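Working notes for the structure below.
Below, chains carry the letters A, B, ... as their sequence lines are ordered, and counting in each starts from 1. On a predicted model such as this, the values are computed, not experimentally measured, just so you know.
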There are 2 protein chains.
Amino acid sequence: MTATGATASVGDGRRRGKVTVATIARLAGVSAPTVSRVINGQAGVALSTRRRVEAVLHEHGYQRGDAAAQAPLIELVFHALDSLWALEIIQGVEEVARDQKLGVVLTTMQGRLTPGAGWTEQVLSRRPMGVIAVLSDLTTHQQAQLATGSIPLVTLDPTGEPLHDTPSVGAANYSGALVATRHLLELGHRRIGMLCGNLKWPFCRARLDGFRAAMDQAGVPVDPDLVRVGPLYVEGAARETAALLRLPEPPTALFATNDLQAHGVYEAAREAGLRIPDDLSVVGFDDLPFTRWAGPPMTTVRQPLKRMGTTAAAMLVAIASGQAPRERRVELTTDLIVRQSTARPRTR
Amino acid sequence: MTATGATASVGDGRRRGKVTVATIARLAGVSAPTVSRVINGQAGVALSTRRRVEAVLHEHGYQRGDAAAQAPLIELVFHALDSLWALEIIQGVEEVARDQKLGVVLTTMQGRLTPGAGWTEQVLSRRPMGVIAVLSDLTTHQQAQLATGSIPLVTLDPTGEPLHDTPSVGAANYSGALVATRHLLELGHRRIGMLCGNLKWPFCRARLDGFRAAMDQAGVPVDPDLVRVGPLYVEGAARETAALLRLPEPPTALFATNDLQAHGVYEAAREAGLRIPDDLSVVGFDDLPFTRWAGPPMTTVRQPLKRMGTTAAAMLVAIASGQAPRERRVELTTDLIVRQSTARPRTR
DNA sequence: CTGAAAGCGCTTACAG
DNA sequence: CTGAAAGCGCTTACAG
């Protein structure tokens, strides 16, 4: 093995030393059909065999010797497709895809954080130019499978632990939250609550931290009772808000982790007979289109969602064409959009 | 040649063309190596031979056959990706695709009604199982190209003239509009206006016709001044509504062709200092999620958008697997959802 | 789960 | 300039 390994690696400075399925098979001590099955993600290969073959494939930088090695496709994977949020990101990716004459294959994971079992196999058999995972992560094994297929990965608002080597795109969540909270403080609010999302998600964590930083800097203590964690949807946020409003000393302002939650605040306020912004100020996050038409129009932090999509797609195209990504992590700026859901607190 | 030609076409009930170098060679009366040389632009082919081979290649849309004959893909083409409307349809298509282990390739046309020049070529080279066109149409030539590639087409809310043979899916637009208008009539409204979309689109036309039918049946004349045609977005509808409200005898109720327009009505009412439903009743169409959280929650006609997506995808799968579609046109039912944007007209 | 054998589509090397 | 034959790399169908 040392001898053949040496021979193979000597030649591969530039010329992709014609590593064929047969070569890999020989080196891994299996037959060509087995290697073929591993490459195409077909079932029916023992896990240990698959691992061994993958290792050899990866080590020798196997490239399909056929033509048609790569399909002009971008894989776009979404945690869920449940808000305009997703639509704007898709538009961004579509824009780059159109320019580059690439097709976009869209997959939703129905709220799961990791693609299902069959997904990687499908992707490998499609041989796309690359994968963009939005608000979702791949398992280590799935990442390894993509790597063996030489399929690059870019994440957008990754969920779990930041992946060591995976380039990612996001927005300036921390500073957006900071500016939003300062806005409420400047209006004179002191009892400010926050509706958080799941804190294992870095973007949720960053928004909470930005909120806390602004409060600390202003010397206003954060009342732990006013910080609630819940799902990023309208209904749950409405329930949390209702609970907050029943407190002996309810908040005069709330900062929500996204616009959907902020809508839940609207709903709870309406049901409690409170008026926004007179009785309660609210700031959202995202600036989805309908925030402009809410009653009253919502003050929110704008995230350049479409541009996040184009950025991720452009990074992917660059990586796929052999360029090293300029940065591992790109954060696009956020802006506070002041509309009519925030005002000075009612003087008591 | 007649004999071989017949043999080829007889067998292809299920298996599609699979035009290989060998096929082209046979049809052009040359050998496979010669075709190979033409394809790869190699020298050493007589000009006349080259021309002949090129003609056959082009005529049969030759694609490199190394890859599989048909890719497990559904092409989903959208007129535009600008509303939750699109997202729900995508979810439906995704659901069927997931079950069938198909990928979904999403294309947007940026508001154009017909895919651009390069689109058909890309689709042909992807060899998908079929195409779903939403709120958009293909040119006759594009349809012919798909037909040559044996790629079936299903339309969802088709735009131009209903295509002779193209199966399509839609909602019960006429009866939905009828029921919505009756609801307003039953509340006591007589000066009812309607915001229309472009009437060359069958679904817009059907909603206007349903409105008229309900008015006629109730013996209430339609005032032509109260029927406005405009884009299906918030802003335009707000302008139209503002104009209607400035009329000497303004409407007491409006029926909008979609929820986005109805939101425009909300906006115009707010700016005119009118309250919904006290001063003006509004009914939308679609029942997008945010209508529930509007201020006040919107009365609207529910379209089963997700189910429209699954229905279109299921039709496509059936057709692709060789079944004749049970019906050419499927219309799913619509339901009036009464919330709080409609009330009796103010007595004067 | 695995491989020997057959097969596929394309290309190359050679003979005429 | 052209084709029969051999070859290449990968995949499929089958047997164990």
Side-chain angles (χ1 to χ4, degrees), chain A residues 8 11-12 15-57 60-71 117-118 121-127 145 148-151, chain B residues 1 4 7-8 11-12 14-57 60-72 101 124-125 127 149:
Chain A
D12 77 351
R15 60 184 312 186
R16 50 175 82 150
K18 227 194 355 197
V19 183
T20 73
V21 165
T23 324
I24 300 293
R26 188 163 37 74
L27 292 169
V30 296
S31 72
T34 299
V35 175
S36 174
R37 284 188 274 258
V38 171
I39 291 168
N40 296 299
Q42 287 171 25
V45 179
L47 191 60
S48 57
T49 309
R50 164 163 269 139
R51 288 276 151 76
R52 187 151 34 94
V53 173
E54 276 170 352
V56 179
L57 283 166
H60 294 266
Y62 171 79
Q63 310 261 141
R64 222 164 179 287
D66 264 335
Q70 199 186 64
E121 284 67 30
Q122 281 184 231
V123 169
L124 287 172
S125 78
R126 284 196 280 263
R127 308 184 171 285
Q145 284 182 290
T148 27
S150 307
I151 299 173
Chain B
M1 189 197 125
T4 51
T7 314
D12 78 352
R14 187 70 272 288
R15 59 179 321 175
R16 92 149 49 124
K18 216 169 39 178
V19 184
T20 72
V21 165
T23 322
I24 300 292
R26 186 161 38 74
L27 292 168
V30 297
S31 71
T34 300
V35 175
S36 175
R37 285 188 273 259
V38 171
I39 291 168
N40 298 302
Q42 285 171 29
V45 181
L47 191 58
S48 58
T49 309
R50 163 161 270 139
R51 288 279 150 75
R52 188 150 37 94
V53 172
E54 276 169 351
V56 178
L57 281 167
H60 292 267
Y62 171 80
Q63 305 275 142
R64 217 155 186 294
D66 302 38
Q70 196 187 67
K101 298 189 189 309
L124 252 21
S125 80
R127 308 188 163 281

[options]: which one has an atom nearest the side-chain heavy atoms of [X]?
X: P33(A); options: dC10(C), dC1(C), dG3(C); answer: dG3(C)
X: T49(A); options: dC1(D), dC10(C), dC1(C); answer: dC1(C)
X: T20(A); options: dG3(C), dC10(C), dG9(D); answer: dG9(D)
X: S36(B); options: dT12(D), dT2(D), dT11(C); answer: dT11(C)
X: A46(B); options: dG3(C), dC1(D), dT11(D); answer: dC1(D)

So if I apply the side-chain contact (heavy atoms from CB on, under 4.5 Å) rule between V35(A) and each of T20(A), I24(A), V56(A), T23(A), which one comes out positive?
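By the side-chain contact (heavy atoms from CB on, under 4.5 Å) criterion, V35(A) pairs with just one of T20(A), I24(A), V56(A), T23(A): I24(A).
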
What is the distance, to the nearest angstrom, from the [atom1] atom on [X] to the [atom2] atom on [N]?
X: L57(A); N: dC10(D); atom1: CG; atom2: C1'; answer: 13 Å
X: Q42(A); N: dC14(D); atom1: CD; atom2: C1'; answer: 15 Å
X: I39(A); N: dT11(D); atom1: CD1; atom2: P; answer: 6 Å
X: R37(A); N: dC10(D); atom1: CZ; atom2: P; answer: 15 Å
X: R50(B); N: dC1(D); atom1: CZ; atom2: P; answer: 9 Å
X: R51(B); N: dC1(D); atom1: CZ; atom2: P; answer: 14 Å
X: R127(A); N: dG9(D); atom1: CZ; atom2: C1'; answer: 12 Å
X: R26(A); N: dC10(D); atom1: CZ; atom2: P; answer: 13 Å

Which is true for V35(A) with a 4.0 Å heavy-atom rule: it touches a base, it touches only sugar-phosphate, or it touches nothing?
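Since no nucleic acid heavy atom lies under 4.0 Å of V35(A), the category is nothing.
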
Do V21(B) and R26(B) come within less than 4.5 Å of each other through their side chains, counting heavy atoms only?
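Counting from C-beta outward, V21(B) and R26(B) never come under 4.5 Å.
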
Does T34(B) reach the side chain of S31(B), with side-chain heavy atoms less than 4.5 Å apart?
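Contact flag for T34(B)/S31(B) side chains = yes.
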
Under 4.0 Å: is that the gap between some side-chain N or O of S31(A) and OP1 or OP2 of dT2(C)?
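So the side-chain polar atoms of S31(A) never come under 4.0 Å of the phosphate oxygens OP1 or OP2 of dT2(C).
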
Do R52(B) side-chain atoms and A28(B) backbone N/O form a donor-acceptor pair below 3.5 Å?
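The answer is yes, because a donor-acceptor pair under 3.5 Å joins these two groups.
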
On a heavy-atom basis, which atom in R126(A) and which in A71(A) lie closest, and how many Å separate them?
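So the two residues come closest at O-CB, 3.3 Å.
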
Interatomic spacing from CD1 in I151(A) to CG in L124(A) - rounded to 0.5 Å
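One gets 5.0 Å once the value is rounded to the nearest 0.5 Å.
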
Please round to the nearest 0.5 Å and tell me the distance separating atom CD of E54(A) and atom CD1 of I39(A).
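Atom-to-atom, E54(A):CD and I39(A):CD1 are 10.5 Å apart.
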
Pairs counted as Watson-Crick or G-U wobble with both distances under 3.5 Å: what dot-bracket string results for DNA chain C, using | for bases tied to another strand?
|||.||||||||.|||

